[in-house]
There are 2 protein chains.
Amino acid sequence: MTRKVGRIRDVASETGLSIATISRVMNGAKNVNPDTRKRVLDACKKLDYLPNPAARALSTSKSKTIAAIIPTIEHSVFAKYVAAIENTLAENGYSLVLAISKSDLEVELTAARKLLGMGAEAFILSGATHSSDLFDLFDRRGVPYVFTSVWDKDSTVPTIGYDNRSLAKQAVDYLKTKGHRSIAVLHGPAQESDRTLARIEGAKASGEDGLRLDFYETTLDVAGGKAAIHQALAISEDYTAALCFSDVLALGALFGLGEAGKSIPDDVSVMGFDNLDWSEAVVPPLTTINLPARQMGSTVASQLMDLLETGAPLMPTELTGKILERQSVVTLK
Amino acid sequence: MTRKVGRIRDVASETGLSIATISRVMNGAKNVNPDTRKRVLDACKKLDYLPNPAARALSTSKSKTIAAIIPTIEHSVFAKYVAAIENTLAENGYSLVLAISKSDLEVELTAARKLLGMGAEAFILSGATHSSDLFDLFDRRGVPYVFTSVWDKDSTVPTIGYDNRSLAKQAVDYLKTKGHRSIAVLHGPAQESDRTLARIEGAKASGEDGLRLDFYETTLDVAGGKAAIHQALAISEDYTAALCFSDVLALGALFGLGEAGKSIPDDVSVMGFDNLDWSEAVVPPLTTINLPARQMGSTVASQLMDLLETGAPLMPTELTGKILERQSVVTLK
DNA sequence: CTGTTAGCGCATTCAG
DNA sequence: CTGAATGCGCTAACAG
């Protein structure tokens, strides 16, 4: 394991130039003679030289690293989102370091400390609920951070995301417009996610006399959706629609309903949330709410890089979700 | 943005000790008086001191960072795997930097260069097909790397994964045992993945007279599975089984078959690959091959950390996949 | 356009 | 058990 990497001074002596000039070339400074530049570049290639990131970071106090802490990566909506962040950062020479919090505030705090100690210059957090120690940690060091997947115009911390409350309300309103008056709402663990909480609240806000809205909490996976719909059916056969706060749950509901001999959407309508990539391929194609996960990822990444490079302040931005009408919801006469 | 982070010398002057002692405490050296240690720790807390990672990396030439380059994160099997890597690394104070190659060798090479330039000390690669420049890059610097998701006992580069060829062969053998003689094999883009190629080869190896095995290539998503099964049905109505080289494809096949009025498994059996978390919740529960994605992630991570810490050589290790019999495959009389 | 010089913050000899 | 001194590799003024 002869770790023989070329150093800047090797390139300097190889070319007979000074290390300052090498540094200029490596950093794309314009005040370098084209010939000199070429000579340096050739020597770099020959010596297989790559600037030492630690030395560079130490000297500039910039690591070009941004951290994202997400509750889970095993839900496609996060995967899409993380992929978008990574893409955007990579295009600009930044790197993504990732930590998974399992929706646990303590785990998140520990991870943040570690990532800071790794040189992360900015943090992307999910949701708006975090340990106050976490904020202290960031604030004391002047490390910027953003909340994503949520939109709250009154938040002191910039949010970049969608309005979960409003979206859920729109979903219920939509179902009401379609004539549904008895709806089972399926959702994941509420105490693990303020997004879920906001959606529940939004749904309730659409309540009115003559509207029956029952909530079923379950695990956030297909099996959970299936179990929850069975449970709902056991409580009442009158539901004409199941509103699922994730497409994953909706897929489970589809299967559960099938097992119960219900046909979709004729017996029961099913509506999802997320617009995962398979939701259109499902039978019947799932009516759902498209969440701009990809756009959210690239927006967050760009803004953070801008802030780091130019000091441009973070712009809270609301991304709009949109109901995608497909075939899993029917109009009741 | 007053970036006022405490430095080691602040802690030193706060405690009246030398920076060497602070350093010792921060690195858990044992030759420090317990009282002194406590005094230092208190000061660290008070000053919110965290060692500067760049300085530390520069001084030790260790970044405690490991890179993984994966083709995509939007397929659950990778998500599970990445989560396992991250968990294992995090438990040991290491960080994961992630890059997504989109199955493009050039993108991969560029990403590797960037990650090296970020201080990654070891690389986790997917599959065995990579640019030779990539190997040069690593070899010249003595940076260790592993191939994952594949097992090849003859590979010069250590592999940690499962034998895709053998697993696919076992799948076909299994279907033959169940009496199937006409099988549609659905798979993703073959030129993008040597794992897919190996599976195709394995399936073919199980061929024999009287066995009809047709291959359908499609996109690696639910819509792809659906389209492919429709295509297969258009070519022949005689298939008694669909072997899908990913559960994602199998889910699509399930829906496609449903649309075509076929019932599963009575009219057509469906077999998957991966054992994604929803595959048991599907109706009917999917017979599939369990791939030890999680175990693979933690094994790779542990081995690489060991190598970095103690120099322990990488141990090529074969992880075993296993057929999970559920209800989507029926025995033909 | 190019060279010289001084740190960046820490780990690590070597003394004591 | 603790302190003083050196250098890790690079960038950023400042000269020239």
Side-chain angles (χ1 to χ4, degrees), chain A residues 3-41 43-44 47-65 93 116-121 141 308-309, chain B residues 2-41 43-44 47-65 93 116-121 141 309:
Chain A
R3 189 164 304 234
K4 258 271 174 49
V5 299
R7 294 154 309 161
I8 196 169
R9 77 170 68 113
D10 298 329
V11 183
S13 55
E14 169 78 18
T15 56
L17 294 161
S18 75
I19 62 167
T21 301
I22 314 302
S23 176
R24 285 192 192 95
V25 173
M26 296 317 289
N27 293 294
K30 1 185 172 302
N31 50 344
V32 176
N33 184 304
D35 291 348
T36 310
R37 173 184 305 278
K38 184 175 178 340
R39 200 143 58 91
V40 172
L41 259 17
C44 287
L47 299 179
D48 193 34
Y49 170 71
L50 224 47
N52 178 314
R56 178 178 266 178
L58 181 56
S59 190
T60 59
S61 29
K62 291 196 184 324
S63 65
K64 299 208 110 188
T65 293
L116 265 181
M118 259 240 14
E121 295 183 68
R141 287 159 207 274
L308 259 19
E309 302 280 336
Chain B
T2 48
R3 189 166 301 235
K4 259 271 173 53
V5 299
R7 293 154 308 164
I8 196 169
R9 76 170 70 112
D10 298 329
V11 183
S13 54
E14 170 78 18
T15 55
L17 293 161
S18 74
I19 62 168
T21 301
I22 313 302
S23 176
R24 286 193 191 94
V25 173
M26 296 316 290
N27 293 294
K30 357 183 175 304
N31 51 344
V32 177
N33 183 304
D35 291 347
T36 309
R37 174 184 303 278
K38 184 173 178 338
R39 199 143 56 91
V40 171
L41 259 17
C44 286
L47 299 179
D48 193 34
Y49 170 71
L50 224 49
N52 177 314
R56 177 177 267 179
L58 181 56
S59 191
T60 59
S61 22
K62 290 196 186 321
S63 64
K64 298 208 108 186
T65 294
L116 266 181
M118 259 239 15
E121 295 184 67
R141 288 160 205 274
E309 303 279 335

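Each chain gets a letter, A, B and so on, in the order the sequences are listed, and its residues count up from 1. Bear in mind that the values here come from a model prediction, so they are computed numbers and not experimental data. Computed from heavy atoms alone, side chains included, the values below leave out hydrogens, waters and symmetry copies.
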(message) From the set C:dG9, C:dA11, D:dC10, return the single nucleotide nearest to any side-chain atom of B:Ile19.
(response) C:dA11
(request) Write down the distance between NZ (B:Lys30) and P (D:dC1), rounded to a whole number of angstrom. (result) 12 Å
(request) Can you tell me the distance, in whole Å, between the NZ atom of A:Lys64 and the P atom of D:dT11? (result) 12 Å
(message) Under 4.0 Å, heavy atoms only, any strand: does B:Asn33 hit a base, just the sugar-phosphate, or nothing?
(response) sugar-phosphate
(request) Could you please name the option among D:dC10, D:dA4, C:dG9 that lies closest to any side-chain atom of A:Leu58? (result) C:dG9
(message) Using only modelled atom types and a 3.5 angstrom limit, is any donor from either the side chain of B:Ser59 or the base of C:dG9 paired with an acceptor on the other?
(response) no
(message) Any side-chain to backbone donor/acceptor pair from A:Arg39 onto A:Gly16? Under 3.5 Å, distance only.
(response) no
(request) Kindly compute the distance separating CG (B:Asn33) from NZ (B:Lys38), expressed to the nearest 0.5 Å. (result) 12.5 Å
(request) Please report, rounded to the nearest Å, how far the C1' atom of C:dC10 is from the CD1 atom of B:Ile22. (result) 12 Å
(message) Nearest to the B:Val32 side chain among C:dT4, D:dT2, D:dC1, which nucleotide is it?
(response) D:dT2
(message) Taking the minimum atom-to-atom distance to the side chain of B:Asn52, which one of D:dT2, D:dG9, C:dC10 wins?
(response) C:dC10
(request) Could you tell me whether the side chain of A:Glu121 and the main chain of A:Lys62 form a donor-acceptor pair under 3.5 Å? (result) no
(message) Please pick, from D:dT11, C:dG9, D:dG3, the nucleotide with the shortest atom-to-atom distance to any side-chain atom of B:Arg9.
(response) C:dG9
(request) Using atom CZ of A:Arg7 as one end and atom P of D:dC8 as the other, report the distance to the nearest whole Å. (result) 7 Å
(request) Decide side chain to side chain contact (heavy atoms under 4.5 Å, CB included) for B:Arg56 and B:Met26; before the verdict, give the C-alpha distance in whole Å, the side-chain angles of both, and the deciding distance to 0.1 Å. (result) CA-CA 11 Å; B:Arg56 177 177 267 179; B:Met26 296 316 290; 4.1 Å; yes
(message) Whole angstroms only, please: what is the CG-P distance between A:Asn31 and D:dG16?
(response) 18 Å
(message) Please report the distance, rounded to the nearest Å, between CG in B:Asp10 and P in C:dC8.
(response) 12 Å
(request) Quick one: label A:Thr21 by what it contacts on the DNA or RNA (base, sugar-phosphate, nothing), any heavy atom closer than 4.0 Å. (result) sugar-phosphate
(message) For B:Ala55 and B:Arg24, find the nucleotide of DNA chain C closest to each by heavy atoms; which residue's nucleotide sits nearer the 5' end?
(response) B:Ala55
(request) Whole angstrom is fine here: how far is it from CG in B:Leu47 over to P in C:dG9? (result) 15 Å
(request) Look at the side chain of B:Asn27 and decide which nucleotide, out of D:dT11, C:dG9, C:dA11, has an atom nearest to it. (result) C:dA11
(message) Counting the atoms with a prime plus P, OP1 and OP2 as sugar-phosphate, which does B:Leu17 contact under 4.0 Å by heavy atoms, base, sugar-phosphate, or nothing?
(response) sugar-phosphate
(request) Might you point out which heavy atoms bring A:Val32 and A:Arg24 nearest each other, and give the distance in Å? (result) CG2-CB, 3.8 Å
(request) Hey, could you give me the CD1/OG1 distance between A:Ile22 and A:Thr15, rounded to the nearest 0.5 Å? (result) 4.0 Å
(message) Strictly below 4.0 Å: does B:Thr36 bring a side-chain N or O up to OP1 or OP2 of D:dT2?
(response) yes
(request) May I ask you to verify if any side-chain N or O of A:Ser23 is less than 4.0 angstrom from the OP1 or OP2 atom of D:dT11? (result) yes
(request) Round to the nearest Å and state the distance from A:Lys62 atom NZ to C:dC8 atom C1'. (result) 13 Å
